[in-house]
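The structure under discussion appears below in the form of structure tokens.
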Amino acid sequence: MRAWNRAKLLWGYLGRRSDLRAQPVEYIVETTAKCNLYCPMCPRETHLQPKADMADEIFNRLVEESGASAEHMMLIGLGEPFMDAKIFDRIEYCEQHGISTLLSTNGTFLDEKTSARLLDTRIEHITLSFDGSTKESFEYYRKGARFEKVRDNFVRFARMKHERQSKMQVVVQMVRMERNAGEVDDFIRFWKDLPGIDQVRIKEDETNLMRPDAGHAAADWKYPCHYLWRGPMYVKQSGDVYPCCQSYMLDGAPVGRIGEQPLAAIWNSAEMQRMRRLHVAGRAAEIDICSRCCTTIPHPALVAGSLIFHGKTVRRLLPLIERLTFFSKLPRRLLNPPKAKTAEPELVQISAGKSAKSDQP
């Protein structure tokens, strides 16, 4: 069923159809809007969030309606997943419906007990967010967190994962910004050889808050955005559904709400079809949220490939494609990142245990 769903999405993408007879492969699901930190690059700083978790009725309905087609759910959003008291139940519920899961955490709650419980699940992937290699930069960007505590939590988790020989993919990630840009080499050196870490990732800020001048020119939109044909769609804690993770952060309007319309109707709503038509016509820049988007636009060949393979396979291959592209092993046209007024070095992707030359200035 899932392979057939992907085939229909691929047919719709290649045929540039606005009305799709299939559902998204992936979803970003904000199971909680609560967070214990204050970070200047986070949209929580500009979009007030409720101290609330997603209702069971919303989450269960989403999983049940998408269960025959969804392959991957990222249980993340503008909240810290481990502040959701039911996060392990959510992971298990997805597993029962054959949907793989991903988490991203700030690490403040990842003590030994939580680490052991997480490793007992069948979660496919976790991102350990650690924005800096010094106490000063880390605590500037992660206000409310202690550098030593979070670092030790991540090191212990990686060790436990290694000792258990878990197949969970563990990525430690730093968002490169002004105050930590000079720490890239030290960050990579510390994490790349740590047993249990599968990948070290240095990525650009994609929220527009720290670099509001970044974005895509009208000429950049040569190809339709994969989000509109493949997903992931973004489901807020409230049940509001957005075309992608960027649309909410850029003040776009929801295209539906879980429980009020069937998921298939939301995916093919009038607004979703309007956006697809404009993207196909090369007029994506006429859509306000798209004109200010700070995500990378992949080449159609990559989008097509992402619909040939299962979602969890794509999640494992994506870092390799990024790494090869940004280290000039593959054509740069495969990934078109947003441009800034001041040129900056591009993101770094390396596999743990392997050396790679950083393009850090």
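Just the heavy atoms: all of them, side chains too, but no hydrogens, waters or symmetry mates, feed the values below.
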Can you hop from Leu10 to Met272 via hydrophobic side chains spaced under 4.5 Å? yes
How many angstroms lie between OG in Ser247 and CD in Glu271, if you round to the nearest 0.5 Å? 10.0 Å
Here the pair of heavy atoms bringing Cys294 nearest to Gln246 is N-OE1, 3.9 Å
Note: with side-chain heavy atoms under 4.5 Å as the link, the other cluster members for Leu37 come out as none
For atom CD of Gln165, decide whether the heavy atoms of other residues, nucleotides or ligands shown that lie under 6.0 angstrom number more than 12. no
In Å and rounded to the nearest 0.5 Å, what is the CG to CZ distance from Leu75 to Phe88? 11.5 Å
So is Arg17 actually on top of Tyr13's ring, under 6.0 Å and inside 45° of the axis? no
State the CD-CD1 distance between Glu260 and Ile58, to the nearest 0.5 angstrom. 9.0 Å
His279 side-chain N/O to Cys225 backbone N/O, donor-acceptor pair under 3.5 Å: yes
Cationic tip of Arg276 above Trp267 ring, under 6.0 Å, 45° of axis: yes
Between the side chain of Glu65 and the main-chain N/O of Leu263, is any donor-acceptor distance below 3.5 Å? yes
For atom CZ of Arg122, is the number of surrounding heavy atoms from other residues, nucleotides or ligands below 6.0 Å larger than 12? no
Using 0.5 Å steps for rounding, measure from the SG atom of Cys94 to the CD1 atom of Ile123. 9.5 Å
Can you check whether Gln23's main-chain N or O pairs, donor with acceptor, with Asn5's side chain at less than 3.5 Å? yes
Identify whether the distance between the nearest side-chain nitrogen and carboxylate oxygen of Glu71 and Arg2 falls below 4.0 Å. no
Do Ser306 and Arg230 get their side chains close enough for a donor-acceptor pair, meaning under 3.5 Å? yes
What residues, two or more places apart in sequence or in another chain, satisfy side chain to side chain contact (heavy atoms under 4.5 Å, CB included) together with Asp120? Arg164
Are Leu194 and Val172 packed together at the side-chain level, in the sense that at least one heavy-atom pair is separated by less than 4.5 angstrom? no
Trace of the side chain to side chain contact (heavy atoms under 4.5 Å, CB included) decision for Val314 with His72: CA-CA 10 Å; Val314 172; His72 202 69; over 6 Å; no
Are the charged groups of Glu57 and Arg61 less than 4.0 angstrom apart, N to O? no
Test item: Lys161 side-chain N/O and Met168 main-chain N/O as donor-acceptor pair under 3.5 Å: yes
Any carboxylate oxygen within less than 4.0 angstrom of a Lys/Arg side-chain nitrogen, looking at Arg146 and Asp152? no
Using atom types as modelled and distance alone, determine if a side-chain donor or acceptor of Lys8 lies under 3.5 Å from a backbone N or O of Arg21. yes
Shortest non-hydrogen separation from Thr108 to Ala145 and the atoms involved: CG2-CB, 3.9 Å
On the ring face of Phe190, is Lys192 found with NZ or CZ under 6.0 Å from the centre and within 45° of the axis? no
Is the shortest distance from a Lys or Arg side-chain nitrogen in Asp56 or Arg90 to a carboxylate oxygen in the other one below 4.0 Å? yes
Would you check if Cys290 and Met275 make a side-chain contact, meaning some heavy-atom pair closer than 4.5 Å? yes
Residues in side chain to side chain donor-acceptor pair (under 3.5 Å) contact with His47, at least two apart in sequence or another chain: Asp251
Please determine if Asp288 and Arg292 form a salt bridge, counting it only when a charged side-chain N lies under 4.0 Å from a carboxylate O. yes
Across all chains, not counting sequence neighbours, the side chain to side chain donor-acceptor pair (under 3.5 Å) partners of Thr105 are Glu80
Counting C-beta onward and ignoring hydrogens, is there a side-chain heavy-atom pair between Met160 and Leu119 closer than 4.5 Å? yes
Taking only residues two or more places apart in sequence or in another chain, which ones pass side chain to side chain contact (heavy atoms under 4.5 Å, CB included) with Pro254? Asp240, Tyr242
Check whether any side-chain heavy atom of Val241 sits under 4.5 Å from a side-chain heavy atom of Leu62, and report yes or no. no
Check whether any side-chain heavy atom of Leu118 lies under 4.5 Å from a side-chain heavy atom of Phe82, and answer yes or no. yes
Interatomic distance, Glu26 atom CD to Met73 atom CE [nearest 0.5 angstrom]: 10.5 Å
State, yes or no, whether a side-chain contact exists between Met249 and Leu78 at a heavy-atom distance under 4.5 Å. yes
Will you find, in the side chains of Thr32 and Asp53, an N or O donor that is under 3.5 Å from an N or O acceptor? yes
Give a yes or no answer on whether the side chain of Gln173 reaches the backbone of Ser129 with a donor-acceptor pair at less than 3.5 Å. no
Main chain of Val171, side chain of Asp198: is a donor-acceptor contact present, judged purely on distance under 3.5 Å? no
State, with a plain yes or no, whether a side-chain heavy atom of His310 is found less than 4.5 Å away from one of Arg6. yes
Checking Tyr141 against Glu178: is there a side-chain donor and acceptor pair closer than 3.5 Å? no
Does a sphere of radius 6.0 Å around CZ in Arg44 hold more than 12 heavy atoms from other residues, nucleotides or ligands, not counting ones at 6.0 Å or beyond? yes
Does any N or O in the side chain of Asn180 come within less than 3.5 Å of the main-chain N or O of Val175, such that one atom is a donor and the other an acceptor? yes
Checking side-chain polar atoms at under 3.5 Å, does Glu183 have a donor or acceptor matched by the opposite partner on Thr134? yes
Considering residues, nucleotides and ligands other than Lys143, do more than 12 of their heavy atoms fall under 6.0 Å from its NZ? yes
Between Arg16 and Pro300 the two heavy atoms that sit nearest each other are NH2-CG, 4.4 Å
Would you compute the distance between atom CZ of Arg142 and atom CZ of Phe147 and round it to the nearest 0.5 angstrom? 13.0 Å
For Thr46, enumerate each residue passing the side chain to side chain donor-acceptor pair (under 3.5 Å) test, keeping only those at least two apart in sequence or located in another chain. none
Any chance NZ of Lys135 has more than 12 other-residue heavy atoms, nucleotides or ligands included, within less than 6.0 Å? yes
Keeping the roles fixed (side chain from His97, backbone from Ile99), state whether a donor-acceptor pair exists under 3.5 Å. no
Within the 3.5 Å criterion, strictly below it, is a donor on Tyr234 or Glu30 matched to an acceptor on the partner's side chain? yes
For residues Lys236 and Arg257, determine if any side-chain heavy atom of one lies less than 4.5 Å from a side-chain heavy atom of the other. no
